[in-house]
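Please read the structure below before turning to the comments.
In each ligand, atom 1 is the first atom listed, and ligand 1 is the first ligand listed. All residue numbers in this chain count up from 1 along the given sequence. Here the structure is a predicted model, which is why all the values come from computation and not from measurement.
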Amino acid sequence: MSTNIFLIFAVLSTVSVALAKVANFKKCDEGDMCDVSQVRIEPCSNPKKCLLKKGATSAISFDYTPKFSSDKVLTGLFWASDAGDVPFPDLEKANACEFTTCPLEAEKQNRLDYSLVLGKKLPNGIFEIKWKIWNEDNTTENCCFVAKIELRK
Ligand SMILES: *[C@@H]1O[C@H](CO)[C@@H](O)[C@H](O)[C@H]1NC(C)=O
């Protein structure tokens with residue numbers, strides 16, 4: 001019995017690792033206080049533009065090394081539109097420490113993990129998303145990258 005449960009668990013975690021793909025990303029214009037080394041998005045069959053399904057769970061995880069230390073860290077997800085950054089309602093100014101190891105230490109690699117169920121009311125289309133982590137006391141101290149996703153039903 002317990003062996004079976006373990007087996008099922010092992011299969012499930014293999015599937016989720018297989019779906020999480022390294023996605024292409026680029027640095028934000030404003031971020032020079034941090035090195036982002038890898039971004040993983042799940043699901044993602046095309047690293048240039050991960051296709052995410054509305055109404056389903058998506059996950060994002062990335063590795064970064066801040067050049068600053070902070071124990072009050074905020075995070076937010078934005079749509080980097082031509083007219084400016086539009087915050088994602090569920091994650092506008094969240095406590096980053098819920099998703100990453102705090103305090104942030106300068107020159108120490110860290111990881112942030114986030115997953116969410118994408119709302120069915122979100123628009124369809126291709127979007128450039130911007131992920132940002134910043135020191136609450138000094139927004140110049142931030143980590144930031146952009147990646148391309150496609151939302152579909
Ligand atoms: C904010 O951080 C930058 C970079 O570390 C630093 O140069 C600047 O002095 C800081 N500003 C304040 C008000 O602490």
Side-chain angles (χ1 to χ4, degrees), residues 13-152:
S13 51
T14 309
V15 168
S16 75
V17 167
L19 289 174
K21 284 278 173 57
V22 173
N24 293 7
F25 68 95
K26 57 182 201 227
K27 268 173 90 155
C28 302
D29 298 336
E30 62 256 51
D32 225 16
M33 294 290 300
C34 190
D35 288 318
V36 176
S37 50
Q38 191 182 73
V39 176
R40 296 165 296 271
I41 296 179
E42 179 188 327
C44 188
S45 50
N46 174 1
K48 288 186 192 148
K49 189 185 65 183
C50 300
L51 176 62
L52 305 181
K53 261 177 89 87
K54 297 194 286 181
T57 303
S58 294
I60 186 163
S61 166
F62 59 91
D63 303 320
Y64 66 97
T65 305
K67 294 177 184 163
F68 57 92
S69 300
S70 172
D71 56 359
K72 282 190 286 168
V73 200
L74 297 177
T75 193
L77 175 62
F78 304 85
W79 165 39
S81 83
D82 291 339
D85 294 344
V86 180
F88 189 73
D90 285 351
L91 197 76
E92 189 172 340
K93 257 189 183 180
N95 176 6
C97 300
E98 288 177 29
F99 316 111
T100 196
T101 306
C102 285
L104 301 196
E105 287 178 46
E107 308 306 336
K108 191 172 168 197
Q109 196 181 46
N110 208 330
R111 194 180 85 208
L112 184 144
D113 295 293
Y114 184 79
S115 70
L116 80 167
V117 177
L118 289 168
K120 291 189 172 146
K121 289 187 180 146
L122 289 168
N124 292 330
I126 295 169
F127 301 95
E128 194 153 63
I129 56 161
K130 177 185 278 193
W131 197 291
K132 213 165 167 178
I133 308 177
W134 65 95
N135 180 357
E136 188 174 0
D137 294 330
N138 186 342
T139 55
T140 311
E141 297 184 323
N142 69 74
C143 291
C144 181
F145 65 86
V146 290
K148 211 174 258 181
I149 59 155
E150 181 168 4
L151 286 182
R152 271 213 233 131

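Taking the charged nitrogens against the carboxylate oxygens, E42 and R40 have no contact shorter than 4.0 Å, which rules out a salt bridge.
Under a 3.5 Å cut-off, the side chain of T65 and the backbone N or O of E107 do not form any donor-acceptor pair.
D113 is linked by a side-chain hydrogen bond (donor to acceptor under 3.5 Å, both in side chains) to S61, R111, counting only residues two or more places apart in sequence or in another chain.
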Show which side-chain atoms of residues 88-96 pair as donor or acceptor with protein atoms under 3.5 Å away, not counting sequence neighbours.
from	atom 1	to	atom 2	distance (Å)
N95	OD1	C97	N	3.0

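The minimum heavy-atom distance between P123 and K54, with the atom names listed, is C-NZ, 3.9 Å.
Counting only residues at least two apart or on different chains, the ring pair (Phe, Tyr, Trp, His ring centres under 6.0 Å) pairs with a member in residues 93-118 are F99-Y114, Y114-W131.
At a 4.0 Å heavy-atom cut-off, the residues surrounding ligand 1 are M33, N138, E141, listed by chain and number.
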